[in-house]
Amino acid sequence: MVKSLLDSCGEPCAASNATMSIIRGHKRSLDVATISQGDTKFFSMLMLAWGLVADIDIESEKYRWMGSARLDFYGLQRIFGLRKYNGSIIFVPASGFESYGEPIDVEKVIFEGESKPESADGPVTTQDYGYQGPKVDMKSLNWRKINGPFVSIWLHNVPWGGEDTMAAPDAQFSDGCLDLIMIKDCPKLSLLMLMNGLNDGSHVKSPHVSYLKVKAFILQPGTRVDDQTKAGIIDVDGEVLARGKGSYKSEENTLMSYDKLLIKVDQGLATLFAPSLDLADLIPIPRD
């Protein structure tokens with residue numbers, strides 16, 4: 001996040017520059033993604049990954065003694081031993097990206113948390129405390145679907161995922177969208193070259209990468225194509241949100257189960273200290 005904020009103003013990513021940004025007191029808005037599974041919610045500001053990127057990020061922790069080189073080292077292992085995952089994604093494309101995916105009958109889309117289970121004594125209700133995420137009529141949106149298998153699904157809220165990883169070069173801080181970087185199939189040699197492009201964002205120009213903006217998103221993760229007894233990992237903001245059966249440290253408990261997730265975006269919900277004032281933040285953000 002710090003890299004994205006400083007880079008947006010052309011400043012190097014350094015602790016001194018970040019400190020000065022806080023002292024100056026300039027602020028800018030940031031979108032927040034609400035990830036829901038039933039009544040369980042998680043709020044994300046950076047990214048969600050499933051597939052290759054998540055596997056590299058989480059499984060490389062066994063090589064943490066290598067420092068940041070662990071990502072490159074384990075990335076090579078995962079590319080040469082490439083995995084593909086069954087599953088599907090359902091999403092609402094932003095304007096200009098309506099050509100991606102196939103239209104889906106909204107009645108066939110089951111939204112987690114849209115309804116409450118009922119008992120013999122009547123509806124079961126829960127008391128909601130705190131912020132519950134944006135209120136959006138999800139059934140009124142134009143949903144589209146893409147079926148797997150997938151090599152990688154990567155949703156990003158800001159351009160940089162790390163100091164040397166420009167994951168989503170067109171991402172904006174408060175545009176009400178998430179940037180989706182999707183790889184369905186890619187030869188290993190091309191994937192190696194593609195990963196090198198993460199330094200400057202040129203990977204999104206690869207013919208093996210689909211890059212689009214979405215307003216809402218449903219992830220329906222599945223098992224590995226080569227081994228139906230093993231599933232994957234869902235990584236949110238660098239932490240494990242869910243682990244599938246047979247995945248790395250699958251015996252450990254996670255906040256959510258390895259199942260369907262609904263992701264909604266609340267435009268400009270958060271406020272960050274920034275190197276300079278964002279003029280766009282002086283204009284009120286329209287709310288649906």
Side-chain angles (χ1 to χ4, degrees), residues 33-44 46-64 70-71 73-91 101 104 108-115 117 143 145-156 161 167 178 180-186 188 191 195 210 214 216-264:
T34 302
I35 305 171
S36 305
Q37 190 178 74
D39 289 331
T40 304
K41 294 181 174 63
F42 186 90
F43 299 99
S44 167
L46 185 59
M47 66 88 178
L48 177 146
W50 171 57
L52 178 63
V53 173
D55 291 348
I56 294 173
D57 188 21
I58 302 303
E59 294 179 12
S60 66
E61 290 180 353
K62 66 184 78 170
Y63 303 111
R64 187 169 288 276
R70 69 184 173 94
L71 297 172
F73 174 73
Y74 193 69
L76 287 173
Q77 290 190 44
R78 284 278 50 86
I79 289 174
F80 287 116
L82 192 61
R83 302 167 181 166
K84 293 183 181 179
Y85 291 91
N86 295 307
S88 63
I89 59 172
I90 304 172
F91 57 93
I104 184 173
K108 295 181 180 180
V109 180
I110 301 175
F111 298 104
E112 300 287 354
E114 287 287 316
S115 61
W143 292 90
K145 183 176 184 179
I146 297 177
N147 291 316
F150 300 98
V151 170
S152 179
I153 294 293
W154 202 3
L155 284 168
H156 243 271
L178 294 172
L180 170 61
I181 306 100
M182 176 180 64
I183 303 175
K184 290 198 65 179
D185 194 16
C186 185
K188 294 177 182 179
L191 191 54
M195 298 301 278
S210 295
V214 299
F217 190 86
I218 295 175
L219 174 63
Q220 299 184 130
T223 58
R224 282 165 47 176
V225 171
D226 63 334
D227 188 346
Q228 299 293 312
T229 66
K230 295 182 179 180
I233 296 170
I234 300 174
D235 172 13
V236 176
D237 294 355
E239 302 296 333
V240 177
L241 184 69
R243 301 179 196 266
K245 59 183 180 181
S247 63
Y248 178 68
K249 294 186 177 181
S250 59
E251 72 282 357
E252 295 186 2
N253 293 329
T254 54
L255 179 65
M256 296 185 181
S257 61
Y258 187 76
D259 204 345
K260 180 165 60 178
L261 302 175
L262 169 62
I263 304 169
K264 297 181 285 188

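Side chains are part of it too, since the values below use all heavy atoms of this structure and drop only hydrogens, waters and symmetry mates.
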Suppose we screen for side-chain hydrogen bond (donor to acceptor under 3.5 Å, both in side chains). Which residues come up paired with Ser257, at least two apart in sequence or across chains?
Gln37

Going by heavy atoms in the side chains, are Glu61 and Arg70 under 4.5 Å from each other?
yes

Where is the tightest heavy-atom contact between Ser247 and Ala231, given as atom of each residue plus distance?
CB-O, 3.7 Å

All side-chain contact (heavy atoms from CB on, under 4.5 Å) counterparts of Asp227, not counting sequence neighbours:
Thr229, Lys230

Kindly determine whether Ile181 and Val53 satisfy side-chain contact (heavy atoms from CB on, under 4.5 Å), including the steps that lead there.
CA-CA 11 Å; Ile181 306 100; Val53 173; over 6 Å; no

For Phe80, does its backbone N or O pair with a side-chain atom of Lys188 as donor and acceptor, under 3.5 Å?
yes

Verdict with supporting geometry, Lys245 and Ser250, side-chain contact (heavy atoms from CB on, under 4.5 Å):
CA-CA 6 Å; Lys245 59 183 180 181; Ser250 59; 5.9 Å; no

Within the structure provided, determine whether Val214 and Ile263 are in side-chain contact (heavy-atom separation under 4.5 Å).
no

Does Glu59 reach the side chain of Tyr74, with side-chain heavy atoms less than 4.5 Å apart?
yes

d(Ile90 CD1, Trp143 CH2) to nearest 0.5 Å is 7.5 Å

Show which side-chain atoms of residues 145-156 pair as donor or acceptor with protein atoms under 3.5 Å away, not counting sequence neighbours.
from	atom 1	to	atom 2	distance (Å)
His156	ND1	Val158	O	2.9

Any non-hydrogen side-chain atom of Leu178 less than 4.5 Å from a side-chain atom of Leu48?
no

Apply salt bridge (Lys or Arg N to Asp or Glu O under 4.0 Å) to Arg78 and list each qualifying residue two or more places apart in sequence or on a separate chain.
none

Verify, without hydrogens or angle tests, whether Gln228 (side chain) and Arg224 (backbone) share a donor-acceptor contact under 3.5 angstrom.
yes

Minimum side-chain heavy-atom gap Gln77-Tyr63 below 4.5 Å
yes

For Tyr85, enumerate each residue passing the ring-ring contact (aromatic ring centres under 6.0 Å, His included) test, keeping only those at least two apart in sequence or located in another chain.
Trp50

Could you state the interatomic distance from OG (Ser60) to CG (Leu71), rounded to the nearest 0.5 Å?
4.5 Å

For the residue pair Gly232 and Tyr258, what are the closest heavy atoms and their distance?
N-OH, 3.1 Å

Side chain to side chain donor-acceptor pair (under 3.5 Å) contacts in which one or both residues fall within residues 232-243, not counting sequence neighbours
Ser44-Asp237, Arg243-Glu252

Any non-hydrogen side-chain atom of Phe42 less than 4.5 Å from a side-chain atom of Leu261?
no

Under a 4.5 Å cut-off applied to non-hydrogen side-chain atoms, are Val240 and Lys249 in contact?
no

For the residue pair Ile58 and Tyr248, what are the closest heavy atoms and their distance?
O-CE2, 3.7 Å

In terms of heavy-atom contacts, Pro221 and Leu219 come closest through CD-O, 3.4 Å

Quick one: NZ on Lys41 to CG on Leu262, what's the gap to the nearest 0.5 Å?
9.5 Å

Could you tell me whether the side chain of Thr254 reaches within less than 4.5 Å of the side chain of Ile234, counting heavy atoms only?
no

